[in-house]
A.B. asks: 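Below you will find the structure I want to go over with you.
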Amino acid sequence: MSLNALSFPLCCIQSTDIQISRVRAKKTVRASLPRVSSANLDDAKVANSANLSVMCSRESEKRIREQLSKVEYSVSSYDTAWVAMVPSPGSPQTPCFPQCVDWMLQNQNSNGSWGLDHIHPSLMKDALSSTLACVLALKRWNVGEEHVRRGLRYIGSNLSCIKDENYQSPVGFNIIFPGMLERAIDLGLDIPIRQHAIQDILCLRDLELKRDSANNSEGRKAYMAYVSEGLGNLQDWNEVMKYQRKNGSLFNSPATTAVALTHRYDVKALDYLHAILRRFGSSVPTVYPFEMHTQLCMVDTLEKLGISRLFAYEIKTILDRIYRCWLENDEELSLDMAACAMAFCLLRMNGYDVSSDRLSHYAEAHNFHNSMQGYLKDMKTVLEFHKASQIKILDCEQVLDKLGSWSSSFLKEEVSSNSKHSSRVISQEADYVLKFPFYANLERLEHKRNIEHFDVANYQILKTSYKSFWTSDDLLKLAVEDFSSCQSIYRKELQHLQSWVRENRLDQLGFARDKITYCYLSAAATLCSPELTDGRILWAKNSLLTTVVDDFFDVGGSIEELKNLISLVEKWDGNHEKEFCSEHVEIIFSALHSTINELGAKASAVQNRSVTGHLVEIWLSMMRSMMNEAEWLRKKTVPTTEQYMENGIFSLALGPTVLSLLYIVGPKLSEEAIADPEYHELFRLVSTCGRLLNDVQGYERECKEGKLNSISLRVVHSDSSISVEEAQRELKRSVETSRRELLRLVLKEGSVIPRSCKDLFWKMCRILHLFYMNTDGFTSAKEMVSAVNAVIHEPLKISHLLSAIPGENTNTNS
């Protein structure tokens with residue numbers, strides 16, 4: 001369960017930006033997911049289907065865009081009932097908010113209950129709680145006799161679920177429901193429940209109060225104040241008022257604030273309730289305000305589903321506002337742990353200057369455990385803390401180290417114990433995040449996983465359930481269509497590349513690894529957008545050619561052939577027909593020549609200047625470094641660790657892929673930017689990460705081949721005073737340092753290198769971490785097969801999700 005909503009003070013958002021949804025929401029026109037056309041459809045039908053798909057996408061985008069610009073709340077029957085019970089200060093026998101009483105009379109469900117229509121079966125306890133609260137409110141003012149009778153009949157008919165743990169319990173249910181039942185008895189209501197059943201329910205509260213009575217923590221005190229509706233005269237109302245916010249509320253909960261008002265008059269609390277009803281009319285949400293938290297979740301969801309690029313303007317508008325509130329230390333962020341952690345992640349990763357000091361209070365586990373979220377073991381909040389802890393960019397951010405340490409332990413324990421403190425969706429996400437840190441995953445893999453685990457119902461639960469009415473079905477449809485459309489493009493591009501390999505006779509090079517699929521995987525999973533075809537194709541071509549050249553220098557070529565290849569590249573535009581010393585050299589150089597010229601032509605068109613010469617120099621730097629390593633091996637030379645690393649930055653062969661692609665995937669890159677130290681530092685850092693990760697995972701294989709790497713060199717140059725294990729630990733620390741510094745440079749504002757170009761270095765770093773997470777994934781024949789299939793070949797598995805969307809056919813996976 002998520003308790004994030006408990007910490008939001010009043011916000012100054014314009015009333016025109018807020019909507020509240022009626023309980024009986026109007027049916028909306030639902031755009032259908034794209035269907036795969038059968039082979040015998042004629043062209044006209046295919047064209048019509050495509051046009052319809054585009055129209056549906058635009059409608060979905062429009063609805064999502066509207067929801068991004070205004071936060072929409074769902075009505076809480078439960079909270080509205082408690083607000084309705086507040087007496088008028090000047091006339092205790094009349095309701096202070098008669099419009100709430102009228103709302104209940106007009107909004108009872110046909111089955112006698114109150115609450116969200118079409119409630120999920122697992123939320124039956126929530127429906128009972130909301131219904132009993134409404135019955136109490138109507139009885140309080142002696143109105144709606146028939147409504148009360150029908151409500152009591154509904155409660156009596158569904159009483160069996162109260163002690164059934166298979167039903168999800170709202171926060172504090174075992175205290176609040178028995179407390180309301182006791183109040184109903186005191187009001188003389190004829191409850192259709194046997195006396196022994198009533199006693200069993202009342203005992204739930206007694207057991208709950210005794211269970212943790214020795215716990216005197218601040219977290220438990222806050223929790224007991226939050227569930228005051230179930231305590232009545234047992235509560236110390238002066239103590240409760242200590243939790244009052246600046247906006248007058250208690251925990252931003254209309255229900256808690258209202259029940260406190262019935263026991264202790266407070267003008268600020270009364271003003272809070274008046275303000276909500278001026279905003280929403282005759283009903284209230286279960287938590288208010290909730291704008292920032294909701295908008296952060298919106299942005300986070302769009303990024304997770306891989307469709308944030310479609311809403312760039314709206315996202316920037318939201319984050320600009322969040323950042324202003326961050327700088328002002330607005331309570332709406334500072335008092336909501338999960339929102340604060342989410343804001344830190346999203347703001348920092350989107351280039352805003354935010355300090356981790358804002359999270360310092362929760363760097364120590366005991367501070368979290370001493371909060372209400374900690375008392376309730378709120379897994380969602382801890383998950384957000386854990387994500388925030390990974391975005392470390394400075395050595396001095398020990399706050400994030402400590403946060404990462406305890407949050408990781410907490411999540412592992414909750415996941416392994418199959419904890420009931422959180423939903424299945426949150427537990428699955430926590431398990432995934434623990435296995436794949438954000439710096440060791442591919443964007444498209446994340447998108448697919450998040451789409452397939454998308455929570456279509458979108459129900460959240462505090463003391464009552466609520467739903468974000470911001471078109472979750474539209475989100476799913478748009479994400480599915482985008483992913484499926486891109487996947488179709490990816491398959492065609494891979495087929496083109498496989499033909500290119502054959503046309504250039506690269507498949508005839510027996511010594512070379514056949515890695516075109518892996519090379520294309522890294523391109524497709526990184527340059528996701530459908531319009532980036534040129535980037536993906538050229539990324540894959542360059543990546544494959546670096547693999548071929550690497551294998552040629554390692555095992556496939558003689559010294560004469562290696563020198564011949566370098567000489568040909570140095571001459572570049574000369575006449576090469578009679579200068580090939582072997583067919584292998586001819587095949588490799590011909591493929592290089594056509595590919596570099598192709599990239600050069602496209603890049604020159606983007607940059608408005610010739611860049612082919614620089615592309616050739618990038619390749620030469622790589623080949624010369626590979627020649628150095630070949631000479632070391634041939635002459636049995638043992639370089640220093642420094643020499644090895646200086647050379648290894650280029651021999652890792654990232655230059656022809658990353659540096660070359662900068663010219664076509666981003667904005668114009670000036671010659672001054674290319675000459676800037678930051679450009680070279682970005683390349684050095686990502687190459688250092690790759691070189692060391694490769695050495696850690698490839699150590700045993702390279703030892704068998706008689707090759708040196710940074711681990712063996714450290715051991716050799718220490719006269720064996722350093723063990724292999726110690727050298728490996730040292731390398732892993734160096735990787736972490738380089739990765740942290742790389743991320744700092746990527747996120748730094750005011751850089752001469754455009755952000756979109758810097759992102760390419762970070763994306764390559766993520767690829768390297770994934771490929772070398774468990775083994776040398778690039779060399780392994782099977783390690784990355786599942787990733788290839790997931791991104792390129794396998795359709796989305798979403799039939800279980802479509803069944804939750806009215807009108808959707810569930811006979812297809814995608």
A.B. asks: With a cut-off of 6.0 Å (strictly less than), are more than 12 heavy atoms of other residues, nucleotides or ligands near CD of Glu794?
C.D. replies: yes
A.B. asks: In terms of side-chain geometry, is the basic nitrogen of Asp395 or Arg740 positioned less than 4.0 Å from the acidic oxygen of its partner?
C.D. replies: yes
A.B. asks: Output every pair passing ring pair (Phe, Tyr, Trp, His ring centres under 6.0 Å) with a member in residues 725-750, not counting sequence neighbours, ordered by first then second residue.
C.D. replies: none
A.B. asks: Just to verify, what does Lys387 make a salt bridge (Lys or Arg N to Asp or Glu O under 4.0 Å) with, not counting sequence neighbours?
C.D. replies: Glu384, Glu429
A.B. asks: Counting heavy atoms not belonging to Lys748, are there more than 12 under 6.0 Å from its NZ?
C.D. replies: yes
A.B. asks: Ring centroids only, cut at 6.0 angstrom: are Phe761 and Phe683 within range, meaning strictly under it?
C.D. replies: no
A.B. asks: Using a strict cut-off of less than 4.0 Å between a Lys/Arg side-chain nitrogen and an Asp/Glu carboxylate oxygen, indicate whether Arg309 and Asp482 qualify as a salt bridge.
C.D. replies: yes
A.B. asks: Do Ser710 and Leu692 have side-chain heavy atoms sitting under 4.5 Å apart?
C.D. replies: yes
A.B. asks: On the ring face of Tyr490, is Arg536 found with NZ or CZ under 6.0 Å from the centre and within 45° of the axis?
C.D. replies: no
A.B. asks: Does atom CD of Gln428 have more than 12 heavy-atom neighbours from other groups under 6.0 Å away?
C.D. replies: yes
A.B. asks: Suppose we screen for ring pair (Phe, Tyr, Trp, His ring centres under 6.0 Å). Which residues come up paired with Phe511, at least two apart in sequence or across chains?
C.D. replies: Phe552, His584
A.B. asks: Parallel, tilted or perpendicular: which one describes the rings of Phe436 and Tyr432, with boundaries at 30° and 60°?
C.D. replies: tilted
A.B. asks: Sequence neighbours excluded, which residues qualify as salt bridge (Lys or Arg N to Asp or Glu O under 4.0 Å) partners of Arg684?
C.D. replies: Glu681
A.B. asks: Take Phe410 and His386, measure what ring-ring contact (aromatic ring centres under 6.0 Å, His included) needs, and give me the verdict at the end.
C.D. replies: CA-CA 10 Å; Phe410 179 98; His386 185 68; over 10 Å; no
A.B. asks: Quick one: do Glu730 and Arg714 make a salt bridge, cutoff under 4.0 Å?
C.D. replies: yes
A.B. asks: Is it the case that the ring center of Phe553 lies less than 6.0 angstrom away from the ring center of Trp632?
C.D. replies: no
A.B. asks: Listing request: all ring pair (Phe, Tyr, Trp, His ring centres under 6.0 Å) pairs with a residue in residues 519-539, at least two apart in sequence or in separate chains.
C.D. replies: none
A.B. asks: Under a 3.5 Å distance rule, please check whether Glu414 uses its side chain to pair with a backbone N or O of Leu411 as donor and acceptor.
C.D. replies: no
A.B. asks: What pairs with Arg491 under side-chain contact (heavy atoms from CB on, under 4.5 Å), at least two apart in sequence or on another chain?
C.D. replies: Gln487, Ser488, Ile792, His793
